[in-house]
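Reviewing the structure listed below.
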Amino acid sequence: MEEDTTKTEYKLRPMLCELNHLSMPDGSAMLMQGDTSVIAGVYGPVEPKAQKMIYDKASIEVIYSPVKGPAKIDDRMVELYVKESCEAGIIVMLHPGTAICINIQEIQNNGGLLACTINSACLALINSGISMKFTIAAITCMIEKDSENIILDPDNNQLQNAKAVFTFTYDSIKKDIISCNTTGRFTDTEFVECLHKCKQASSCVFDFYRDVVKRYANSI
């Protein structure tokens with residue numbers, strides 16, 4: 001289903017999602033944000049490897065596969081951000097001694113890949129039926145070099161003129177920040193301004209989640 005999130009002043013690229021895209025996982029989602037697309041699959045709770053078992057809660061494992069070649073250091077960082085963000089939302093105490101595995105495959109990257117990856121993982125978790133305290137939404141923004149304007153959800157062409165790029169993740173209840181990734185140079189004032197603007201824009205993503213769930217409610 002497609003949602004035009006440009007209805008508000010916080011303009012994001014159009015989003016398209018298909019749940020149950022894969023047959024083997026317990027939950028899956030293919031998400032497109034503009035021309036950036038990712039597929040996520042969730043398996044679990046399953047029996048973990050002995051060395052990764054946590055006896056009082058579920059362990060979260062994330063495997064990220066880039067579109068070309070083996071995973072690199074930057075891809076391991078993506079795995080860490082997805083793991084920490086999703087772990088904050090999942091009620092891990094309900095499944096002690098188990099593992100919840102999130103597999104993510106990059107399809108195309110045209111900017112905002114980390115945000116798209118986190119959002120696709122959240123949609124796959126919703127599709128899997130795993131109990132969550134809240135859903136999570138990630139938003140990317142950038143500051144232009146010359147004008148110093150803040151642009152939400154930039155594509156690769158816009159990112160070439162960025163002096164700083166931010167990806168913030170928020171929860172759906174209090175809109176508290178869950179994780180933050182930054183590159184470039186910026187002032188404290190610019191950071192706070194980007195944080196606030198992305199926080200407001202996260203409502204568009206949470207509304208999109210609701211619309212997706214309404215459409216797929218009979219098949220989840």
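Along the sequence shown, the residues carry numbers beginning at 1. Note: hydrogens, waters and symmetry copies are ignored here, and every other heavy atom, side chains too, is used.
When side chains are defined from C-beta on, Met30 does not count as touching Cys17, because their heavy atoms never get closer than 4.5 Å. Ile104 is not listed as a side-chain neighbour of Ile39, based on a closest heavy-atom distance of 4.5 Å or more. With a 4.5 Å cut-off on side-chain heavy atoms, Lys175 and Ser203 count as touching. Residues Thr140 and Phe168 form no side-chain contact, since every pair of their non-hydrogen atoms from C-beta on lies 4.5 Å or further apart. Asp153 has its side chain out of reach of Cys141: every pair of non-hydrogen atoms, C-beta onward, lies at least 4.5 Å apart. Cys204 is listed as a side-chain neighbour of Leu12, based on a closest heavy-atom distance under 4.5 Å. Taking 4.5 Å as the limit, some side-chain heavy atom of Leu19 sits within range of a side-chain heavy atom of Val212.
Shown here for Thr135 and Cys122, the closest heavy-atom pair between the two residues is CB-SG, 3.7 Å. What you find for Gly97 and Pro48 is that their closest heavy atoms are O-CD, 3.2 Å. Nearest heavy-atom pair across Ala138 and Thr167 is CB-CG2, 4.4 Å. Across all non-hydrogen atoms, the minimal contact from Ala115 to Gln33 is O-OE1, 4.1 Å.
Enclosure of atom CG in Asp188 is not indicated, since only 12 or fewer non-hydrogen atoms of other residues, nucleotides or ligands lie within 6.0 angstrom.
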What verdict does the side-chain contact (heavy atoms from CB on, under 4.5 Å) test give for Ile136 and Ser172, after you've listed the backbone C-alpha separation in whole Å, the side-chain angles of each residue and the deciding distance to 0.1 Å?
CA-CA 6 Å; Ile136 57 176; Ser172 58; over 6 Å; no

One pair to check against side-chain contact (heavy atoms from CB on, under 4.5 Å): Asp155 and Asp35. What are the steps and the verdict?
CA-CA 8 Å; Asp155 58 29; Asp35 292 327; over 6 Å; no

Any chance you could lay out the side-chain contact (heavy atoms from CB on, under 4.5 Å) test for Val38 and Leu31, step after step, and finish with the verdict?
CA-CA 6 Å; Val38 170; Leu31 178 65; 5.6 Å; no

side-chain contact (heavy atoms from CB on, under 4.5 Å) assessment of Phe208 paired with Asn119
CA-CA 11 Å; Phe208 176 75; Asn119 294 339; over 6 Å; no

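Note that the CD1 atom of Ile139 and the SG atom of Cys194 stand 12.5 Å from one another [nearest 0.5 Å]. Taking CD of Gln51 as the reference point, atom OG of Ser59 lies at 10.0 Å (rounded to 0.5 Å). With rounding to the nearest 0.5 angstrom, the CD atom of Glu193 is 8.5 Å from the OG1 atom of Thr187. Within the model, atoms CG of Asn127 and CG of Leu22 stand 9.5 Å from one another, a figure rounded to the nearest 0.5 Å. Interatomic distance, CD of Gln108 versus CG of Leu113, reported as 10.5 Å (0.5 Å rounding). Here the straight-line distance linking atom CG of Asn109 with atom OG1 of Thr36 works out to 5.0 Å at 0.5 Å rounding.
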Under 3.5 Å, which donor-acceptor pairs do the side chains of residues 63-92 form with other protein atoms, sequence neighbours left out?
from, atom 1, to, atom 2, distance (Å)
Tyr64, OH, Glu106, OE1, 2.9
Asp75, OD2, Lys72, N, 2.8
Arg76, NH1, Glu79, OE1, 3.3
Arg76, NH1, Glu79, OE2, 2.7
Glu79, OE2, Tyr64, N, 2.8
Tyr81, OH, Cys180, O, 3.3
Tyr81, OH, Asn181, ND2, 3.2
Lys83, NZ, Glu87, OE1, 3.3
Ser85, OG, Tyr81, O, 2.7
Ser85, OG, Ser179, OG, 3.0

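Of the listed residues (Ile150, Thr183, Thr182), just one forms a side-chain contact (heavy atoms from CB on, under 4.5 Å) with Phe166, and that residue is Thr182.
Each of Phe191 and Val165 belongs to its own hydrophobic cluster when Ile, Leu, Val, Met, Phe, Trp and Tyr are linked at side-chain heavy-atom distances under 4.5 angstrom. No continuous path of ILVMFWY side-chain contacts below 4.5 Å connects Ile130 to Tyr43, so the two sit in separate hydrophobic clusters. Both Ile100 and Phe134 sit in one connected hydrophobic cluster of ILVMFWY residues. Membership requires side-chain heavy atoms under 4.5 Å apart, directly or through other members. Residue Ile102 is grouped with residue Met132 when hydrophobic side chains (ILVMFWY) are merged at heavy-atom distances under 4.5 angstrom, including chains of intermediate members.
Lys163 and Glu190 are joined by a salt bridge, as a carboxylate oxygen and a charged side-chain nitrogen come within less than 4.0 angstrom of each other.
Proximity of the aromatic rings of Tyr170 and Phe206 is defined here by a centroid distance below 6.0 angstrom, and this criterion is not met.
The closest donor-acceptor contact from the side chain of Ser37 to the backbone of Met32 lies at 3.5 Å or more, if one exists at all. Under the 3.5 Å distance criterion, the side-chain polar atoms of Ser120 are matched with a main-chain donor or acceptor of Thr117. A distance-only check finds no donor-acceptor pair linking the side chain of Asn103 to the backbone of Gly41 [under 3.5 Å].
A donor atom on one side chain and an acceptor atom on the other are found under 3.5 Å apart for Glu144 and Ser147. A donor-acceptor pair shorter than 3.5 Å cannot be found between the side chains of Thr98 and Lys57.
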